[in-house]
Peer 1: 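This is the structure I want to talk about, given as structure tokens.
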Protein chains: 2
Amino acid sequence: MAPSEPRRTATIGATETSFGIVEYLRDSVTAGVSDIANELGVSKSTAYNHVRTLVKLGYVAETDDGYALSLKFLNLGDHARRRHALYHAAKGEMDDLVDAIGERGQVMIEENGRGVYIYQVRTDHAVQTDSHIGNFVDLHTTAVGKSYLAFCEEERREAILVGDLAALTPETITDRDDLLEELDRIREQGHAFNDEERITGMRAVGAPIISDRHGVLGAISVSGPTTRMNGEWYRREIPEKVKQAARIIGIRGTYS
Amino acid sequence: MAPSEPRRTATIGATETSFGIVEYLRDSVTAGVSDIANELGVSKSTAYNHVRTLVKLGYVAETDDGYALSLKFLNLGDHARRRHALYHAAKGEMDDLVDAIGERGQVMIEENGRGVYIYQVRTDHAVQTDSHIGNFVDLHTTAVGKSYLAFCEEERREAILVGDLAALTPETITDRDDLLEELDRIREQGHAFNDEERITGMRAVGAPIISDRHGVLGAISVSGPTTRMNGEWYRREIPEKVKQAARIIGIRGTYS
DNA sequence: AACGTATGTTCTCCAGAGACGAACAAATAC
DNA sequence: GTATTTGTTCGTCTCTGGAGAACATACGTT
């Protein structure tokens, strides 16, 4: 049943457990050695040695209630983000856009076939979701992702859409042909809707960021609850504002 | 000559080289396997295995011109930052402060005896420096750091100020007694100045963020070139604004 | 206080993971 | 067309990193 995996490349276990610890600390905020050893299924001494190494390297900090991720990761994240021109270009414009619309705004980039939020603006009454900075999402389930898919190169799209389309809500587009149709529609109108396809009760309007030199850099969107995002406001006005912002960001992203 | 290091704890080499690769990628933006192997002084196959592992874990991405840090680090950084109440409390107020003053604003926290910038606001004409988000700095060389040192617990301060005070410019305070005097002054007036002590040509005004429940959470500052920051504006008005913002952030940071 | 149980830390020992270097393929430069 | 340089794979051997027990402290409970 399983395709014949070439199973070629050796992989370094120590690194995996170290990052396992890092990810566990990310999720649990703080933890102790025994705790970690249990969770990762390694001996206490192993967990201890790894943690000590991470502390020595400065990636884990010792706090009053256990070990925790160090802010040194902020540095790595920031550098990773700086590599992408889109971040600088989009930041200011997104702030303005969210000021004008309310709700929440986000900037997405594609990496390894998935979408990553690289910037997010929230207003006071914006809804809390799991769309944090740095989180990866499936492209076909978001307005930003569909915007990207609609306007990226044919070849890239094919490469991304190889597997199945996972469903997150009853509204998620899981059929490949349906998705391609939707992408046609998005290409035509220049913006994408997301109507409870990722989170029930949440809508979003997205548009791609296009640079005439470098193609699609990513996408932006504004999202909020269906209770506030509806009617003409949702169907007409927001898309116009989002597209307008996307155009400006695209131009700025091209010459920088 | 070398002090008798207890040399107790074993440290995991594989993890060190993996993070070595990560840091090299951070600094070089993109790199290839041979390049990495050279830089780290390991064999090509070793470098290759490490990189493949990092790719598999999703922390390194393959780009057109070599391997690069993945945006997944953004996620880790963001989580590390969320652990600190100060971030949420300070963000909005700092944006306002920088709007009012111009120049650049930053929020700092102490970790392992050094300072980390966890948030930064820039205006259009703000000066570019190396004070990036996630960067670590010596506390005694910055307005934020001195603010923190002045108001943190005696015990903590002693623990931090064990080593020598490194000089970054001719103005850096390198004498321990001078520093303690300076801290007295800061405690008295409630704000700290940094007059070219870290970067020649740059000044800053900082103030601690104090929560009456949790003590000093960190510090904020506004910084800019000496050509623009001077006279009464620098000596009187900016400190007042900074202290005012710090007070508000302190209150917000206490009840959340 | 005395006890039990949790923790973090240190120790020793052995298997096997991980480092090396050579050999290969594929891309690029010349 | 050859000559380098790249990424990748293959064996071989060594020394590292993992397990588990033992130790030291800190906590909570009765």
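Letters A, B, ... mirror the listed sequences (proteins, then strands); counts begin at 1.
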Peer 1: Please report whether the ring centroid of A:Y24 lies less than 6.0 Å from that of A:Y67.
Peer 2: no
Peer 1: Checking A:R114 against A:F136: charged group under 6.0 Å from the ring centre and within 45 degrees of the axis?
Peer 2: no
Peer 1: Measure CG/A:D35 against C1'/C:dG8 and give the value in whole Å, please.
Peer 2: 13 Å
Peer 1: Please tell me which of the listed nucleotides, D:dG17, C:dC20, C:dG18, lies nearest to the side chain of A:I12?
Peer 2: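 Taking heavy atoms from C-beta onward, the closest nucleotide is C:dG18.
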Peer 1: Should the side chain of B:S45 and the base of C:dG21 be counted as holding a donor-acceptor pair, with the cut-off at 3.5 Å?
Peer 2: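 Flag set: donor-acceptor pair detected.
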Peer 1: B:N49 has an atom CG; how far is it from atom C1' of D:dT12, in whole Å?
Peer 2: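 Result: 15 Å.
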Peer 1: Can you check whether A:S34 has a side-chain N or O nearer than 4.0 Å to OP1 or OP2 of C:dG8?
Peer 2: yes
Peer 1: Starting from C1' on C:dC11, measure out to OH on A:Y48 and report it in whole angstrom.
Peer 2: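 About 12 Å, once rounded to whole Å.
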Peer 1: Answer yes if the side chains of A:S221 and A:Q106 hold a donor-acceptor pair under 3.5 Å, and no otherwise.
Peer 2: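 There is such a pair (donor and acceptor under 3.5 Å, judged by atom type) between the side chains of A:S221 and A:Q106.
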Peer 1: Take the protein atom OH of A:Y67 and the nucleotide atom C1' of C:dT7, then report the distance between them rounded to whole Å.
Peer 2: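 Spelled out: OH on A:Y67 to C1' on C:dT7 is 11 Å.
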Peer 1: Nearest to the side chain of A:V33, heavy atoms from C-beta on, is which of D:dT8, C:dG18, C:dG8?
Peer 2: C:dG8
Peer 1: Do A:K44 side-chain and D:dG20 base share a donor-acceptor contact under 3.5 Å?
Peer 2: no
Peer 1: Please state how far atom CD1 in B:I36 lies from atom P in D:dT8, giving the value in whole angstrom units.
Peer 2: 11 Å
Peer 1: Using a 4.0 Å heavy-atom cut-off across all strands, classify B:S43 as base, sugar-phosphate, or nothing.
Peer 2: base
Peer 1: Quick one: is B:H50 getting a side-chain N or O under 4.0 Å of the C:dA19 phosphate, OP1 or OP2?
Peer 2: yes
Peer 1: If you measure only the distance, is there a donor-acceptor pair under 3.5 Å linking the side chains of B:H88 and B:R82?
Peer 2: no
Peer 1: In whole angstrom, give the distance that lies between atom CD of A:E62 and atom C1' of C:dT7.
Peer 2: 14 Å
Peer 1: What is the distance from CG of A:N38 to P of D:dG20, rounded to the nearest Å?
Peer 2: 13 Å
Peer 1: May I ask you to check whether over 12 heavy atoms, not counting those of A:E158, lie within 6.0 Å of atom CD?
Peer 2: yes
